[in-house]
Amino acid sequence: MRNRCVNRLRLVHTSSIRLRRSEQLEERSSGCKNLNKKKKGKIKSFSITDGEVVKWNMGISEHMRSGQLESALRLFETMPRRTSVSWNAMISGYIMNERFGDARHMFDAMQERDLVSWNIMLSGFVKNRKLSDARKLFDEMPEWDVVSWNTMLSGYSQNGLLDEAREIFDRMPSKNSISWNGMLAAYVQNGRIELARKLFESKFDWEKVSWNAMMAGYVRKQRLVDARMLFDRMPERDEVSWNTIITGYAQNGNMLEAQKLFQESPIRDVFTWTAMVSGYVQNGMLVEARKTFDEMPQKTAVSWNAMIKGYTLCKRMDLAKELFNAMSCRNTSSWNTMITGYAQNGDIDRARSMFNEMPQRDSISWAAIIAGYAQCGCSEEALHLFIEMKRDGEKMNRSTFTCALSTCADIAALEFGKQVHGRLVKAGYEMGCYVGNALLAMYCKCGSIEEAYDAFEGISEKDLVSWNTMLMGYAKHGFGREALRVFDLMRMKNIKPDDVTMVGVLSACSHAGFVDRGTEYFQTMEQEYGVIANHQHYTCMIDLLGRAGRLEEAEALMRSMPFEPDAATWGALLGASRIHGNTKLGEEAAKKILRWSPIILACVKKVPGYSWIEVRNKVHTFSVGDSVHPDKERIYAFLEDLDQRMKKEGYVSATKMVLHDVEEEEKEHMLKYHSEKLAVAFGILNVAPGRPIRVIKNLRVCEDCHNAIKWVEIETEFAVSGLPDYGMLRERTQENRKIRRIVEFSAGPTETKFATDSVGKQLVEGLIIVDEIQAALVFV
DNA sequence: GTAGGGTTAG
C-alpha cells in the first residue's frame, strides 16, 4: 500500500515536471501568438482562474484532513494548474497522516518553495522528532519568520533540549505571545520551575493562559503555596484557573481546601467535579468519591474512568467492572483502566481477554498489557506483545520502550534488547534521558558491560540512578576497578552517593581485593555521605574480609551487626569458609542458610530451576533433566562425552551439593542434567564461534555446574567472566588474547540476590536443542 | 486555500 503510493508519487513528480514544461512551452508559444487574438482566446479556455485553484487546494486539504490520501493525490494530479499552496497542502497533508517519507519526497521535488513550504517541512521534522534534521533545514532556509522560530523553539522544548530552546528564544528578532508562552511552557513541562518563574517575572503583560501555565507548574511541583499566591494575584480568573488550583489541592491531599474552593468557585463545570472525584480517589476516600460522582450534574468518560480507577486501586475489581459495564460513554481509557486494574490485581488472564476484546487500542493499552505480563514474570509474552504492537501499527512511545527494555533486562535477552535499542534510536528517542537508564540497566543485566558504558555515556543528564546502575553493573560483573573509577568520577562531579552506591562500592572493593580501601569506605560512609550501614553493606564487608582469608574478623563483624544476619550474610560467610577450608564455620553457616532457603544450596527440587539462552532471537528455556526435545539423546550424548573426558582428567563431581537422600550415582545423574548444563551445551553447539554464550538462570548456579563449566574453560584455554574469583583469570586470558567465547551466567528475575557468572567455551562440533519454551522474538 | 503555542479532569 505504502509502496504503491510512493510509486504513484514519483509518477506525479515526473508528470508535474512534464506539465511544467508544457506550460512553459505554451507560454512561449502564446508569447508569439499574442498578436493572434483567436489563438490567445483558445489558450485561455484551457487555464483556470485563481479562484478555481483555491477551490482545488481546499479540496486537497479536506481530503487530507479526512485521511483520504488517494483522492487528495488524484486531485493534485488532475488539477489544471498548481500553485505552491497546492504543493504545501499535499506536504502538510502527508505529515498530518503520518506519511513523513512521502511528505519529504514532495518537498524535495518541489521547485519553487515558499516560506510556508519550509515551515511545513520544519514542523514535519519536529513532529517526527528528527531534531537534528530540523535544525539542518532551519539553517538552510532562505529566510525565517516568527513561525519558523516558534516551530524550532517548540521542537527543542518537546525534546527537553532547554538550552537550545532558550538559544532560539534569545536569537529571535521578534517575539509574539506564542514565543513567550512557548518558552514558559518549555520550562514548566520540563520541570524547571525556577527558570519558569524567572521568565514569568521578567514581563508583566502575560495572558490568562500564561498565568494558568505558571500556576499549573507550581501545582505539578507540589508547591501549593506558590500556586495559591499566583491564584490570588491573578488579574483575571477563568474556570481553568479555578480548576487548576482545586486540582492542586485535591492531588496533594488537601481535600478540605479543595472542598472550600469548590464551594467558592463561580463556575463548577465537569472539570471541577471530576477534579473532586479523582481527588477523593487519589486520597483513598472512596465513599466521598462515589457520593460526588453520583451528585455530578453531568459526567464525561473521564469522570467514570476516575471512579473505576478508584475501585481498581482498592482491589474492588467487581465494582470496577460493574461501573464499566454501566458506562455508555466508554472510551479507550476506560478499557485501559480495567486492563491495568486486572493486571495489577494479579489477574493477567482477565486483563488479556479485555485487551483482546477492546474495539480500539492505543499505546497505553499496549503498555498496560505488556507491563502486566512483565510484572507477573511472563517476560516472553511481554516481548511477544511488544512485537505484535509494532505489527499492529501502534507507535512506540517512551514508556513502551522503557518497559520493553526492562523486560529484556529481566530475562537478559541481549539480542532482542539490542534490537529494541535500534528501534529506539530510529524512533528518535535517543536524545531524551528518560529511557537512558532503562537502556543502561538492560546492558548491565545482560552482562554486556562495554555497551552498558556506551549507554551510560550517552545519557546527557545523568541522575543518581544512572551512576548507581553503572557502578553496580561493573561491580556485579567483576570489574572492581572500573566500578571504583565510576565512584571517583561521581565524587569529582559532586554527586552525593546513597546507600545503593555504597553497596556497589563495597562489593567492587571485595571483587578487586581492595580490603583496606573497602574497610575505610565502610567506616567513613556514614560520616562522609550520611549512609548508615544496612544488611547489604555488612554482607559486602563480610564477603570482603572472608575472601581475603580474614575469617575471624568477618565472623566478628557479623556477630556485631546491629541486626540479625540473614541468608545472604551467612552465605557470604559460607563462601569464605569453603574457600579457606573452615569446615566448622561452614557447617554452621550452611545450617542457618538451609533454615531460610534450601534451594540456595541444592538447586534441585523446591523452586524449579530454569536456565535459558537466547540464540538468533529465540529464547530457549531448559529445566533440570529436560527431555522434551526429540534430539535429547544427542544432547545427553554430548554431555556424557564431556563427563567422561572430565573424569579422565580427575574431576570429581561436587555431589555434596545435592543434599537429597539419594544414591551417589543418582546424585551425579541429577547434576549432569542441570538446566544450566543443557543450556551451555546448547549454546556451545549453536552460537557462532567468537560470540559469547550467555546463559541466564533464575537461581544461583550450583557449585558443580560452576566447576564443570570452569573446568571446560580451563581445559580448553578459554575465558571467563564474572564470579569474582575468576576476575584475575579473565584478565590473564584476555592479555593472552585467548578469549574466544564467554559463557556468562546472569542473575535471573527472582528468587535470588546472588549474581552468578561463569565460563565456558567451544568444544566439539554439533548437537541440537532442548526447546521447551519458544519465543520468536523477531521484528518483522 | 497551506505553516507555529500555551492552561484544567484519567
Side-chain angles (χ1 to χ4, degrees), chain A residues 50-62 64-65 83-93 95-96 113-124 126-127 144-155 157-158 172 175-189 206-217 219-220 230 234 237-248 250-251 265 267 269-279 281-282 296 299-310 312 331-337 340 364:
Chain A
D50 289 352
E52 282 169 315
V53 175
V54 170
K55 277 183 193 155
W56 283 90
N57 291 343
M58 283 169 76
I60 291 175
S61 298
E62 264 168 42
M64 280 300 196
R65 263 193 294 273
T83 62
S84 63
V85 176
S86 328
W87 288 82
N88 293 347
M90 284 300 295
I91 297 169
S92 133
I95 291 172
M96 195 189 300
R113 301 166 188 152
D114 59 15
L115 186 51
V116 175
S117 328
W118 287 93
N119 284 342
I120 291 171
M121 203 54 222
L122 190 65
S123 84
V126 164
K127 277 183 191 133
W144 301 296
D145 64 0
V146 69
V147 176
S148 332
W149 289 97
N150 286 344
T151 307
M152 214 49 227
L153 170 64
S154 93
S157 154
Q158 280 161 25
M172 291 175 74
K175 302 173 176 68
N176 60 16
S177 76
I178 294 180
S179 328
W180 283 95
N181 286 334
M183 196 63 233
L184 186 69
Y187 286 140
V188 166
Q189 283 167 1
W206 287 98
E207 296 170 303
K208 246 190 307 194
V209 278
S210 328
W211 283 84
N212 291 339
M214 190 66 227
M215 189 166 65
V219 165
R220 216 175 292 175
L230 222 54
M234 281 178 86
R237 298 179 189 129
D238 57 3
E239 59 262 50
V240 175
S241 321
W242 283 92
N243 290 339
T244 304
I245 194 73
I246 290 172
T247 309
Q251 283 176 345
S265 175
I267 307 140
D269 62 8
V270 196
F271 279 79
T272 333
W273 282 94
T274 310
M276 292 303 286
V277 173
S278 56
V281 161
Q282 280 172 39
M296 285 178 80
K299 300 175 179 73
T300 63
V302 181
S303 335
W304 285 85
N305 295 345
M307 199 60 232
I308 293 174
K309 180 82 190 170
T312 68
N331 62 14
T332 308
S333 287
S334 325
W335 289 88
N336 292 346
T337 309
T340 310
I364 312 242

Any idea which of B:dT8, B:dA9, B:dG5 is nearest the A:Gln251 side chain? B:dA9
The side chain of A:Lys127 lies closest to which of these nucleotides: B:dA9, B:dT8, B:dG4? B:dG4
Just to be sure I understand the rule, does A:Asp145 reach a base, reach only the sugar-phosphate, or reach nothing, if contact means heavy atoms closer than 4.0 Å? base
With a non-hydrogen cut-off below 4.0 angstrom, is A:Glu239 in contact with a base, only sugar-phosphate, or nothing? nothing
Check the distance between B:dA3's P and A:Ile120's CD1 and give it to me in whole angstrom. 6 Å
Checking B:dT2, B:dG5, B:dA9 against the side chain of A:Gln158 (C-beta onward), the nearest is B:dG5
Would you say A:Lys175 reaches B:dG5's phosphate, i.e. side-chain N/O to OP1/OP2 under 4.0 Å? no
In this structure, how many angstroms lie between the P atom of B:dG4 and the CG atom of A:Asp114, rounded? 14 Å
Distance check needed: B:dA9 P versus A:Trp242 CH2, whole Å only. 17 Å
Over how many whole Å does the gap from A:Trp56 atom CH2 to B:dT2 atom C1' extend? 18 Å
Protein-nucleotide distance (A:Lys309, atom NZ; B:dA9, atom C1'), rounded to Å: 14 Å
Contact under 4.0 Å: A:Gln282 side-chain N or O vs B:dG10 OP1/OP2: yes
Does a side chain donor of either A:Asn336 or A:Ser333 reach within less than 3.5 Å of an acceptor in the other side chain? no
Students often get this wrong, so: under 4.0 angstrom with heavy atoms, is A:Ser334 touching a base, only sugar-phosphate, or nothing? nothing
Would you classify A:Asp269 as touching base, sugar-phosphate or nothing, given that sugar-phosphate means primed atoms plus P, OP1 and OP2, and contacts are heavy atoms under 4.0 Å? nothing
Name the nucleic acid region contacted by A:Ser303, choosing base, sugar-phosphate or nothing; use a 4.0 angstrom heavy-atom cut-off, strictly under. nothing
Single hit among A:Asn88, A:Asp114, A:Asn150, A:Val147 for side chain to side chain contact (heavy atoms under 4.5 Å, CB included) with A:Asn119: A:Val147
Which residues share a ring pair (Phe, Tyr, Trp, His ring centres under 6.0 Å) with A:Trp118, sequence neighbours left out: A:Phe107
In whole Å, I'd like the distance from the CG atom of A:Asn212 to the P atom of B:dG5. 19 Å
Report which part of the nucleic acid A:Ser61 touches: base, sugar-phosphate, or nothing (heavy-atom distance under 4.0 Å, all strands). sugar-phosphate
Go through B:dT2, B:dT8, B:dA9 for me and flag the one nearest to the A:Asn243 side chain. B:dT8
Is it true that a side-chain atom of A:Thr274 and a backbone atom of A:Val270 form a donor plus acceptor pair closer than 3.5 Å? yes
Candidates B:dA9, B:dG5, B:dT2 - which lies nearest the side chain of A:Phe271: B:dA9
Where is the tightest heavy-atom contact between A:Met64 and A:Ala89, given as atom of each residue plus distance? CG-O, 4.2 Å
Closest approach to the side chain of A:Asn88, judged atom by atom: which nucleotide of B:dG10, B:dG4, B:dT2 is it? B:dT2
Is the distance from OP1 or OP2 of B:dG10 to the nearest side-chain N or O of A:Ser278 less than 4.0 Å? yes
Specify the separation, in whole Å, of atom CH2 of A:Trp273 and atom C1' of B:dG10. 19 Å
Which part of the nucleic acid does A:Thr300 contact within heavy-atom distance under 4.0 Å: base, sugar-phosphate only, or nothing? base
Please work out if A:Asn331 contacts a base, only the sugar-phosphate, or nothing of the nucleic acid, heavy-atom cut-off 4.0 Å. base
I need the CG-P distance between A:Leu230 and B:dT8, as an integer number of Å. 14 Å
What nucleic acid atoms does A:Val146 come within less than 4.0 Å of, heavy atoms only: base, sugar-phosphate, or nothing? base
Hits for ring pair (Phe, Tyr, Trp, His ring centres under 6.0 Å) against A:Trp56, two or more places apart or cross-chain, chain-then-number order -> none
With the side chain of A:Ala216 defined as its heavy atoms from C-beta on, choose the nearest nucleotide among B:dG5, B:dT8, B:dA3. B:dT8
Does a side-chain N or O of A:Arg220 approach OP1 or OP2 of B:dT8 to a distance below 4.0 Å, or not? yes
Side chain of A:Asn181 - closest among B:dG5, B:dG10, B:dT7: B:dG5
